Each structure stands twice: as C-alpha cells, then as structure tokens.
Amino acid sequence: MPELPEVETVRRQLAPRVTGRRIAEVRVVDPLLVSPLDPDEFAAAVTGRVILALERRGKYLLARLDDGATLGLHLRMTGRVHLHPGAPDPAAVRFLRAVVTLDDGAAVTFADQRRFGRMWLIPAGTDEERYWRGRVGVEPLGPAFTARRLGELLDGRRVGVKAALLNQALVAGVGNIYADEALFAAGIHPERPAGGLDPGELRRLHRAVREALRRGLSSGGASIDSYRDAMGNRGTMQDALRVHLHEGDPCTRCGTPIVKGRVAQRGTYWCPRCQPRAVWR
DNA sequence: ATTTTCCCCTGCCGGC
DNA sequence: TGCCGGCAGGGGAAAA
C-alpha cells in the first residue's frame with residue numbers, strides 16, 4: 001500500500017542513482033505492466049533515453065527523459081521498485097515484471113504480486129496540467145495545501161471526510177493508512193460529511209494530514225505488508241500507527257478500544273470516543 | 001457534477 | 001487436511 005511517504009522514500013533513494021543515467025535496456029517480463037501499450041514498442045521508446053530527473057506527483061513516480069517524454073510509474077497495491085547495483089538475478093526477484101538496466105550496469109526492477117502496478121509513457125509535448133487535472137490534486141506537503149484550501153476542496157461535498165481524503169483529485173497521495181491516522185489525530189470521525197467540518201476542524205485536519213505524512217516519510221514508510229524501499233528495506237511507520245490495524249487495542253489517548261468498520265469501501269479504524277460520529281453545537 | 005459500484009489481480013488466512 | 005469465501009486497497013471506468 002504505497003502512499004505518498006512510501007513513494008517519496010523510493011524516489012529519494014532512486015533519484016541520485018538514476019539521474020543522468022542512460023537507459024541501456026528495458027525488459028518487460030509481464031506485458032500487463034505496460035498495458036495497453038505494446039511491450040516491444042514501449043521498450044524501444046525508452047531504450048537509449050537519458051533520465052534527466054525523477055519526480056513524484058501524488059503516488060506517481062515520473063522519470064523525465066531527454067526526448068521530452070516522461071516515463072510514468074505507479075506501484076498501486078503491491079508494486080516494488082528495487083535498485084540493484086549490478087545485474088540482478090531475475091530468479092531471485094519474486095513477482096518480477098520488468099527490468100530497466102542503466103548504462104553504468106545498475107538495474108531497477110519492478111516486481112508486483114498482484115499485477116495492479118503500471119508503467120507507461122507520457123508523450124513529449126503533453127500539457128501536463130491538463131493531463132493531471134481531475135486525477136491528481138494538491139500536494140499535501142507543498143505550500144499550496146493550506147487549511148483554507150482544504151476547506152475549499154471539501155466545501156459542499158456530502159461524502160464522508162475519509163472518502164474525500166482518499167480522492168486523489170482533491171489531495172494527492174493520501175491513502176488508507178494515513179487517512180485513518182490523520183483523522184484520529186484530528187479527532188474527526190471518518191464518516192462525517194466532508195463539507196460539514198467547521199474551521200477549527202479543518203485546521204486540525206490540515207495539520208494532521210501533513211504531520212501523518214511527514215512522520216511516515218521520516219520513518220521510511222509503513223511496511224505493513226509488501227512495501228519495501230528501493231534498497232529492499234522495511235520502513236518503521238507501521239510501529240508508530242495509532243489506530244490503523246489496531247482494532248480492539250486501547251486508544252492511546254483515552255483507552256477506549258479502537259473499532260474497525262468499512263468506510264468508503266476500505267477497512268477503517270478509529271476511536272469511537274475521540275472521533276465522535278455526531279457533534280453537537 | 002458528484003457519488004457509488006464494480007473491476008482488475010494474487011496470495012493469504014480463518015472457518016468449516 | 002483441504003477447500004473456499006473473504007479480504008487486502010491502489011485507481012479507473014462505468015453506472016447511478
């Protein structure tokens with residue numbers, strides 16, 4: 001479940017090793033990875049290109065290439081990107097989907113158990129603002145994400161606030177884990193209507209989202225299930241989670257057992273006392 | 001326009 | 001022991 005902190009961790013590790021490198025070879029092991037593109041055409045389009053920069057937008061990784069095109073990459077649920085200083089042994093990488101070999105002999109592998117992950121090309125000359133509109137919203141760790149902006153994004157929405165946080169077109173990069181943690185820290189029930197938060201709650205939520213993501217980032221991400229960083233190491237954020245996966249455990253703030261339910265089609269954890277469903281004012 | 005539902009995939013796990 | 005339904009949750013498309 002790579003979310004913003006996990007993807008950014010991978011990006012930071014990978015960037016210094018791939019920037020300025022030429023792509024020597026691309027081997028697509030599983031055609032589904034680049035679908036609906038043709039694997040051979042995809043490989044041909046990328047081979048020989050120099051990677052100018054490795055960026056992140058929400059949960060997307062973007063490799064800027066020297067012909068103006070961009071190699072997009074999304075880990076979805078179980079995708080793993082791993083950097084190998086030398087040639088990797090393909091048999092040693094479980095669920096291997098692709099190998100990108102660089103001109104210094106290093107290789108980046110893409111492995112993915114559930115095969116939801118994708119790699120694709122954004123052609124040179126694409127209007128990216130338009131490309132991302134409706135798909136990826138404001139960066140929650142960037143300067144544009146303010147409490148006021150959050151309020152504008154949620155204004156008028158009747159869906160639960162958790163569903164709104166998971167909507168990538170609004171705030172980019174928040175997934176199930178960090179949504180639960182942020183809502184707990186803000187003391188807001190996940191099913192409160194998104195448009196019904198008062199200014200104080202918006203401020204708390206804004207702050208909580210940023211803090212949850214920052215903590216995830218500084219602990220190298222949450223390795224609950226399959227996530228590993230680009231070096232194959234686990235993060236430690238899973239040990240710092242306060243409600244997510246803590247059903248039945250006493251709330252760290254009030255001792256009330258954490259409950260689990262289904263919100264926005266996702267397993268959702270919250271403290272029934274610290275995050276009341278109804279607010280009276 | 002917004003919201004909801006379904007779908008894509010595979011491995012794992014609890015229940016019977 | 002073995003089978004099987006349910007679950008995991010990322011995003012996108014289709015339906016409401």
Side-chain angles (χ1 to χ4, degrees), chain A residues 1-11 28-37 56-62 72-81 93-98 110-122 130-140 152-183 190-196 212-213 216 221-228 235 237-238 241 243-248 259-270:
Chain A
M1 37 247 76
E3 305 180 23
L4 188 152
E6 289 75 24
V7 178
E8 178 64 14
T9 298
V10 168
R11 189 199 68 78
V28 178
V29 178
D30 180 3
L32 186 61
L33 178 67
V34 296
S35 133
L37 303 178
R56 180 192 56 75
R57 190 80 175 81
K59 302 172 191 172
Y60 295 81
L61 269 181
L62 304 172
L73 196 152
H74 200 298
L75 303 173
R76 291 285 184 95
M77 302 292 300
T78 51
R80 277 192 205 180
V81 167
V93 183
R94 238 189 142 188
F95 310 121
L96 182 67
R97 306 296 175 203
F110 192 127
D112 189 2
Q113 182 209 111
R114 289 176 67 183
R115 305 173 75 202
F116 283 158
R118 288 291 182 273
M119 222 155 54
W120 70 100
L121 271 176
I122 303 170
R130 202 177 135 192
Y131 182 86
W132 293 113
R133 198 178 302 146
R135 189 179 295 182
V136 173
V138 63
E139 285 290 331
E152 290 166 0
L153 289 168
L154 301 185
D155 186 42
R157 294 186 183 269
R158 303 152 79 103
V159 289
V161 61
K162 172 159 178 180
L165 285 178
L166 294 179
N167 183 347
Q168 300 300 297
L170 302 179
V171 181
V174 178
N176 203 34
I177 300 169
Y178 295 98
D180 280 0
E181 293 300 308
L183 286 167
E191 286 180 310
R192 288 277 308 285
L213 295 175
S223 289
I224 287 171
D225 192 15
S226 61
Y227 170 73
R228 298 293 183 277
M237 184 63 193
Q238 65 278 8
L241 299 179
V243 288
H244 192 79
L245 295 182
H246 281 285
E247 181 181 17
V259 297
K260 179 188 182 185
R262 207 152 179 84
V263 175
Q265 284 74 249
R266 304 279 152 82
T268 300
Y269 303 79
W270 71 92

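Everything quoted here is computed from the prediction, not taken from an experiment. A, B, ... follow the sequence lines: proteins, then strands. Residue 1 opens every chain.
- Listed pair A:Y227 / C:dG10 fails the phosphate criterion, with no side-chain N or O lying under 4.0 Å from OP1 or OP2.
- Residues A:L183 and A:L165 have side chains in contact (heavy-atom distance under 4.5 Å, counting atoms from C-beta outward).
- Atom CZ in A:R157 sits about 11 Å away from atom P in B:dT4, given to the nearest Å.
- Here A:Q265 lies in heavy-atom contact (under 4.0 Å) with a base.
- Closest-nucleotide positions on DNA chain C for A:K59 and A:K260 were compared, and the one nearer the 5' end corresponds to A:K260.
- Nearest-nucleotide positions on DNA chain B for A:N167 and A:F95 put A:N167 closer to the 5' end.
- Rounded to whole Å, the distance from CE on A:M77 to C1' on B:dG11 is 12 Å.
- Rounding to the nearest 0.5 angstrom, the gap separating the NE2 atom in A:H74 from the CG atom in A:L62 is 10.0 Å.
- Taking atom P on both nucleotides, B:dC9 is separated from C:dC4 by 22 Å, rounded to a whole Å.
- What you find for A:M237 and A:Y178 is that their closest heavy atoms are CG-OH, 3.6 Å.
- For A:R135 and A:Y131, the positive end sits near the middle of the six-membered ring, less than 6.0 Å away and at most 45° from its axis.
- Between A:L61 atom CG and C:dG10 atom C1' the separation is 14 Å, expressed in whole Å.
- Among B:dT3, C:dG12, B:dC9, the nucleotide with an atom closest to any side-chain atom of A:R158 is B:dT3.
- Figure legend. B:dG14 is base-paired to C:dC4; pairs are counted as Watson-Crick or G-U wobble with both atom distances under 3.5 Å.
- Separation of the P atoms belonging to C:dC7 and B:dT5 is 16 Å when rounded to the nearest angstrom.
- Between A:R266 and C:dA8, a side-chain N or O to OP1/OP2 separation shorter than 4.0 Å is absent.
- The separation between A:L153 atom CG and B:dT2 atom P is 11 Å, rounded to whole Å.
- A:Q113 places its CD atom 15 Å from the P atom of C:dG10, with the value rounded to the nearest Å.
- Taking a pair to require two hydrogen-bonding distances under 3.5 Å in either a Watson-Crick or a G-U wobble arrangement, C:dG11 pairs with B:dC7.
- When rounded to the nearest whole Å, the span between CD of A:E191 and P of B:dT3 equals 15 Å.
- Contact annotation for A:R118: no contact, since no heavy-atom pair falls under 4.0 Å across all strands.
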